K.L.:
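Pasting in a structure now, in structure tokens, and then I'll have a few things to ask.
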Amino acid sequence: MRRVLPPSFFNRPTLAVARDFLGKYLVRKVGGKTTAVMITEVEAYDGPRDRACHAHRGRTERNAVMFGAAGCWYVYFVYGMHWMLNIVTGEAGYPAAVLLRGGGESFDATRGKWDGPGKLTKALAVDRRLNGKAASRASGLWIEDRGTSVAARHVRRTERIGVAYAGSWAKKPYRFVLSPSPCPLPRGGGGTD
DNA sequence: ACGATGATGAAC
DNA sequence: TTCATCATCGTA
């Protein structure tokens, strides 16, 4: 079973899309070579109120694609050297996206190879050229469901990385990590805010 | 713990 | 036009 995720998958609340990303495959085709990476770590950036979200200060040239259709890539450059890969989620006009932060070769070997958003884009040759393009075979970068189902006990939620400037929004559990070993109950009991 | 490294956005 | 900032990473 192998299905390319359609725009409707992404046209849902950002947190739901982020959660459901775990266990899906990010597939890159460049030239004749295809690479598939199981997604194991993502972060949600949810709308203008989210102070960690680029759209918090309104629309700019850089973040414009976040305001567009779900299922398009939002790629930007940070720290003078790294490309960040996001996919736009939710209704057009509502600026939200999911940042792809890490991936592995399989469910049981989820760590080590592509941990870190900058390493992931470097490994998959992702740069500005994909910004605004749809996630599809045509763009050479897309997401597939290959039948892996991820149970709740394998999903760990934490604060997002590198967004300390966002005040209370930095503390929200918007980072989702796939953990092969079952996680104990979330810290503090409920966990999902 | 820190420096690399350059695009971006807001201020002037 | 200038300048602070930055959804990171490798080395120490």
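The sequence lines fix the lettering, A, B, ..., with proteins before strands; numbering per chain opens at 1. What you are looking at is a predicted structure, and each value in this text was computed from that prediction instead of being measured.
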K.L.:
Apply side chain to side chain donor-acceptor pair (under 3.5 Å) to A:Thr60 and list each qualifying residue two or more places apart in sequence or on a separate chain.
P.N.:
A:Asn63
K.L.:
Residues two or more places apart in sequence or in another chain: which of them pass side chain to side chain contact (heavy atoms under 4.5 Å, CB included) with A:Ser168?
P.N.:
none
K.L.:
Within the 4.0 Å limit for protein heavy atoms, which parts of nucleotides 2-12 of chain C are touched? Write it as a string from 5' to 3', B for base, S for sugar-phosphate only, - for none.
P.N.:
----BBBSS--
K.L.:
Hey, can you pull the donor-acceptor pairs under 3.5 Å for the side chains in residues 89-100 of chain A, sequence neighbours left out?
P.N.:
from	atom 1	to	atom 2	distance (Å)
A:Thr89	OG1	A:Thr14	OG1	2.9
A:Tyr94	OH	A:Asp46	O	3.2
A:Tyr94	OH	A:Asp46	OD1	3.0

K.L.:
Apply side chain to side chain donor-acceptor pair (under 3.5 Å) to A:Trp73 and list each qualifying residue two or more places apart in sequence or on a separate chain.
P.N.:
none
K.L.:
Suppose we screen for side chain to side chain donor-acceptor pair (under 3.5 Å). Which residues come up paired with A:Tyr25, at least two apart in sequence or across chains?
P.N.:
none
K.L.:
For A:His54, what residues pass the side chain to side chain donor-acceptor pair (under 3.5 Å) criterion, not counting sequence neighbours?
P.N.:
A:Tyr74
K.L.:
Is it the case that the side chain of A:Arg160 and the backbone of A:Tyr174 share a donor-acceptor pair, with hydrogens and angles ignored and the cut-off at 3.5 Å?
P.N.:
no
K.L.:
Taking side chain to side chain contact (heavy atoms under 4.5 Å, CB included) as the test, write out the residues that go with A:Arg12, two or more places apart.
P.N.:
A:Phe9, A:Ala16, A:Val17, A:Asp20
K.L.:
When we call it a touch if two heavy atoms are under 4.0 Å apart, what does A:Arg51 touch: a base, just sugar-phosphate, or nothing?
P.N.:
nothing
K.L.:
How many Å lie between CG on A:Asp127 and P on B:dA7, as a whole number?
P.N.:
13 Å
K.L.:
Counting Watson-Crick and G-U wobble pairs with both distances under 3.5 Å, what is the dot-bracket string for DNA chain B, 5' to 3', using [ ] for crossing pairs and | for pairs to another strand?
P.N.:
||||.||||||.
